[in-house]
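Computed over heavy atoms, backbone and side chain alike; hydrogens, waters and symmetry mates excluded. Labels below follow one simple rule: chain letters A, B, ... track the order of the sequence lines, proteins then strands, and each chain is numbered from 1.
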Amino acid sequence: MASPDGVADEKSAPAKGEEDFETLKYQLLGPSLLKAGQDAVDQQKVSEIIYNASKGSKFFDHEQERDRNLTVKIERILKEKARLEKLDLSHDLRRADEYLAELELSRDLSQYIVHVDCDAFFAAVEELDRPELKTVPMAVGGGVLSTCNYLARKFGVRSGMAGFVAKKLCPELVLLPQNYEKYTAKAKETRAIMAQYDPLFESASIDEAYLNITAFCAENQLDPEEAVQRMRAEILENTKVSVSAGIAANAKIAKIASNKNKPNGQFRVPNDRTAIMEFMRDLPVRKVNGVGRVFERELDSIGIKTCGDIYPQRALLARLFGEKAFQFLAQCYLGLGRTKIEPVENHERKSVSTETTFHEIGDKEELRKKLRWAAEELEQDLARTQFKGRTVCLKVKLHTFEVLTRQTAPPRAVSQAKDLYAFALPMLIKLEKEIPGMKLRLLGLRVSNLVSTKKVGVNFFGVAAPPKPTPVQPSDQSEALDVNTEHDIGAEEAFENAARQEVQDEMNDLEQLSQEAAGLSVTPAPGSTAADVTEHQPVQWECPICGRPQAPDDRAFNDHVDFCLSKQTIREVVQDSSQEMSAILPSRKRKTSAQQSHTDVDPRQKRLFFS
DNA sequence: GCGGATCAC
DNA sequence: TATGGTGATCCGC
């Protein structure tokens with residue numbers, strides 16, 4: 001890039017033309033720089049190798065772009081900081097101190113929380129099957145490594161790293177494909193043991209879990225450290241995989257602590273305020289769950305490297321990073337975290353998605369094939385998880401690695417591949433129009449605003465028991481659905497039973513109506529409950545858009561019609577690209593005989609729809 | 001509510 | 001030869 005102003009410019013701005021690659025190199029090092037097993041590694045050298053392996057690729061260009069954007073963002077932050085510091089911040093300071101005081105009051109030191117983390121889990125499981133792998137650097141994963149053993153880490157190899165980069169760092173690296181079933185089976189073994197220490201333990205991922213061992217320690221007259229020693233020994237004995245653990249008063253610190261003595265070790269931060277504050281004071285913010293590479297750099301720019309550094313900056317944080325970030329950092333400074341550990345089944349799922357990366361594709365027909373495939377994948381995932389979604393989101397990654405998403409809200413919850421496809425295709429077409437010559441390397445589909453399709457169980461009295469999670473938006477649902485979150489209390493039983501019946505009616509209603517989502521489909525899903533839908537009162541009104549009948553005492557009906565009307569736009573988009581869409585999106589009012597007969601088609605043949 | 005961005009694993 | 005997939009959350013608009 002030539003300097004337009006010649007020599008003078010170069011003198012006054014020596015940094016020009018010689019970009020600072022330090023931050024970029026750091027970014028390229030990847031997210032797991034702080035993981036265990038890296039101590040003896042020459043990071044400088046590793047950084048060079050990664051940099052050179054990546055240079056010139058589209059991936060590299062994209063990372064460089066992101067790095068530049070972040071640098072600009074940080075400049076803005078610094079400018080804003082300088083501006084704020086000229087103002088009177090006593091109000092912000094007082095507000096921050098009030099919040100810290102409030103948090104302090106909520107501090108709970110009564111629980112013993114444990115974070116258990118399997119050491120190099122996938123690699124460890126593979127080594128069980130093939131012990132000879134223990135003596136060689138080895139990693140699991142394809143294009144990107146899932147994990148690697150500690151021998152590989154000595155070379156600077158890390159999880160999340162591209163396979164070919166890892167090979168540059170360590171040419172003798174043994175690369176194994178993932179075998180997820182195998183790891184799941186092994187994880188099940190470890191969980192069986194953890195359940196003895198806390199039956200309500202929380203699986204954080206396939207190889208991580210949180211436990212509350214307060215009760216176990218009390219019942220067995222055991223010190224938390226002894227209890228965890230025992231559990232780890234038991235896990236190693238029975239499953240032959242080693243785990244590390246952190247013990248603390250809350251999940252946040254336990255998680256950090258579990259990394260302290262990895263592998264095959266444990267670390268405890270006592271349930272003592274002073275000990276906790278000291279532990280946090282010198283702790284790099286990056287070690288806290290939730291602080292990634294970007295936030296780390298932003299915080300570093302204003303002089304925050306450790307959690308102790310947060311306090312002096314407390315008056316500025318909300319203004320610079322937002323209220324949530326301030327609250328998060330305040331909790332980091334104080335060493336506070338959640339003490340509630342609960343089974344993951346209690347957590348309400350918010351989305352179901354699928355995506356795949358492939359070689360660059362620009363051909364429209366090929367892209368549609370990919371979209372069909374994604375739709376079929378998602379249909380299966382939705383069937384497995386028993387959900388439909390009221391929002392469909394298309395995700396694409398351009399050949400430049402830029403990611404775009406577009407979402408739309410069908411008038412009905414959808415789950416079938418052809419519906420997902422029908423609503424996603426217009427978005428894809430729109431993108432193709434916006435980006436001439438669009439080439440993709442990834443395509444994905446997600447549904448959110450989920451509606452459960454779990455069968456509603458009916459008990460002896462003919463009263464429905466609602467399905468566990470109730471992922472519905474109160475905004476466009478009848479209020480009756482709210483009772484799902486309440487508990488069974490004797491005195492109000494009759495009322496609640498009636499309310500539950502309403503819930504079931506609504507659920508079945510949704511179930512039935514979503515069969516004809518957007519008027520696209522009249523095919524009941526395999527195993528549909530359409531046949532056992534509760535009988536309704538005679539229908540008086542129908543939604544003009546989707547035909548949803550007004551249920552008795554349906555207070556949400558008007559809202560629903562508004563909702564449906566507002567989503568009418570999707571049809572306009574669809575009709576906009578009518579040529580392609582007409583084949584798959586006939587008007588609901590004119591159901592073709594082909595569609596009706598579709599009802600009788602073997603569900604397995606449904607796949608033929610796309611092939 | 002939408003789209004981009006960040007984060008964890 | 002050529003940098004992942006799934007799910008969640010937050011922010012700015």
Side-chain angles (χ1 to χ4, degrees), chain A residues 27-32 35 50 53-63 66 69-70 73 117-118 120-122 140-147 158-168 177-178 180 183 187 203-209 255 286 288-298 320-328 344 347-360 374 377-378 381 385 387 390-397 399-409 427 431 441-450 473 475-476 563 566-567 569:
Chain A
Q27 190 170 332
L28 287 167
L29 271 177
S32 51
K35 290 237 166 151
I50 298 175
S54 305
K55 204 162 50 182
S57 68
K58 288 174 179 174
F59 173 80
F60 179 92
D61 292 344
H62 184 250
E63 290 298 299
R66 283 182 46 176
N69 291 342
L70 181 55
K73 188 177 171 194
D117 197 338
C118 300
F121 186 54
F122 294 179
V140 177
V144 166
L145 308 187
S146 292
T147 192
R158 286 179 309 274
S159 62
M161 180 178 275
F164 77 93
V165 174
K167 280 278 192 183
K168 283 239 161 75
Q178 293 210 36
Y180 214 77
Y183 315 142
S203 296
S205 70
I206 188 166
D207 69 336
E208 281 182 43
K255 164 86 180 159
R286 183 67 165 85
V288 181
N289 236 8
V291 180
R293 281 176 291 177
V294 171
F295 201 21
E296 177 190 33
R297 262 191 71 192
E298 291 175 1
L320 292 179
F321 302 116
E323 190 61 26
K324 291 281 181 189
F326 161 69
Q327 293 177 0
F328 170 79
V344 71
H347 295 175
E348 176 188 312
R349 180 190 273 272
K350 303 220 165 115
S351 69
V352 182
S353 69
T354 179
E355 65 185 55
T356 24
T357 294
F358 37 75
H359 64 276
E360 274 175 27
E377 283 291 300
L378 191 52
D381 291 345
T385 54
F387 283 108
R390 297 170 160 259
T391 302
V392 178
C393 177
L394 173 74
K395 173 178 173 178
V396 301
K397 196 186 277 180
H399 67 112
T400 57
F401 284 85
E402 187 185 357
V403 174
L404 303 172
T405 61
R406 293 293 181 269
Q407 67 183 57
T408 187
M427 298 191 276
L431 281 172
R441 74 185 321 278
L442 173 146
L443 193 148
L445 280 179
R446 179 174 72 242
V447 296
S448 51
N449 260 308
L450 300 182
Q473 298 298 318
S475 55
D476 67 335
F563 173 79
S566 75
K567 299 308 172 196
T569 46

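Backbone-only contact: A:L442 has heavy atoms under 4.0 Å from sugar-phosphate atoms and none from a base. Across all strands shown, A:R297 has no heavy atoms under 4.0 Å from either base or sugar-phosphate atoms. Within 4.0 Å (heavy atoms only), A:T354 reaches sugar-phosphate atoms of the nucleic acid but no base atom. Contacts of A:T391 with the nucleic acid, taken as non-hydrogen atoms under 4.0 Å apart, are absent. Nucleic acid contact for A:K167: none, since no nucleic acid atom lies under 4.0 Å from a heavy atom of the residue. Here A:L404 lies in heavy-atom contact (under 4.0 Å) with sugar-phosphate atoms only. Contact annotation for A:R293: backbone-only contact, meaning every heavy-atom pair under 4.0 Å involves sugar-phosphate atoms and none involves a base.
Taking the nucleotide of DNA chain C with the nearest heavy atom to each of A:S54 and A:V352, the more 5' of the two is matched to A:S54. Residue whose closest nucleotide on DNA chain B sits further toward the 5' end, between A:A204 and A:K73: A:K73. Each of A:Q178 and A:E323 was matched to the nucleotide of DNA chain C holding its nearest heavy atom; the match closer to the 5' end belongs to A:Q178.
With C:dT9, C:dC10, C:dT3 as the candidates, the nucleotide lying closest to the side chain of A:K350 is C:dT9. Listed nucleotides C:dG4, B:dT6, B:dC2 differ in distance to A:Q407; the shortest reach to its side chain belongs to B:dC2. With distances taken from any side-chain atom of A:T405 to the nucleotides C:dG7, B:dT6, B:dG3, the minimum falls on B:dG3. The nucleotide whose nearest atom lies closest to any side-chain atom of A:F295 is, among C:dG5, B:dC7, C:dT3, B:dC7. Among C:dG7, C:dT3, B:dC2, the nucleotide with an atom closest to any side-chain atom of A:R349 is C:dG7. For A:S351, the side-chain atoms get nearest to C:dA8 when compared with the rest of C:dA8, B:dT6, B:dG3. Picking from B:dT6, C:dG5, C:dT6 the nucleotide with the shortest atom distance to the side chain of A:T357 gives C:dG5. Among C:dG7, C:dG4, C:dG5, the nucleotide with an atom closest to any side-chain atom of A:R441 is C:dG4. The side chain of A:F401 approaches C:dT3 more closely than any other nucleotide in the set C:dT3, C:dT6, B:dG3. Of the listed nucleotides (B:dC9, C:dG4, B:dT6), B:dC9 has the atom at the smallest distance from the side chain of A:E208.
We find that CZ of A:R158 is positioned 13 Å from C1' of C:dT3, with the value rounded to whole Å. Put simply, CZ on A:R286 is 13 Å from P on B:dT6, counting in whole angstrom units. One atom, CD of A:E360, and another, P of C:dA2, lie 12 Å apart when rounded to the nearest Å. In this structure, A:Q27 atom CD and B:dT6 atom C1' are separated by 12 Å, rounded to whole Å. One interatomic measurement links the two molecules: OH of A:Y180 to C1' of C:dG4, which rounds to 12 Å at whole-angstrom precision. Distance, A:F59 CZ to C:dT1 C1': 15 Å, rounded to whole Å. Rounded to an integer number of Å, the gap from A:L394 CG to B:dG4 P is 11 Å. Residue A:L378 contributes atom CG, which lies 13 Å from atom C1' of C:dG7 at whole-angstrom precision.
Proximity of A:R446 to the phosphate of C:dG5: no side-chain N or O atom is located under 4.0 Å from OP1 or OP2. Under 4.0 angstrom from either OP1 or OP2 of B:dA5 there lies no side-chain N or O belonging to A:K395. Phosphate contact (OP1/OP2 of B:dC9, side-chain N/O of A:N289, threshold under 4.0 Å): present.
Closest of all the heavy-atom pairs between A:G163 and A:L145 is CA-CD2, 4.0 Å. Closest approach of A:P177 and A:V140 over heavy atoms only: O-CG1, 4.1 Å.
With hydrogens and angles left out, the side-chain atoms of A:Q178 and A:S146 include a donor and acceptor closer than 3.5 Å.
Considering only heavy atoms from C-beta on, A:L443 comes within 4.5 Å of A:F358 through its side chain. Counting only heavy atoms from C-beta outward, the side chains of A:R441 and A:H359 never approach each other to under 4.5 Å.
Under the 30°/60° scheme for interplanar angles, the aromatic rings of A:F295 and A:F328 are found to be tilted.
B:dA8 and C:dT3 have their P atoms separated by 23 Å, with the value rounded to a whole Å.
Ion pair A:K73/A:E298 flagged as a salt bridge, since at least one NZ, NE, NH1 or NH2 atom sits closer than 4.0 Å to an Asp/Glu carboxylate oxygen.
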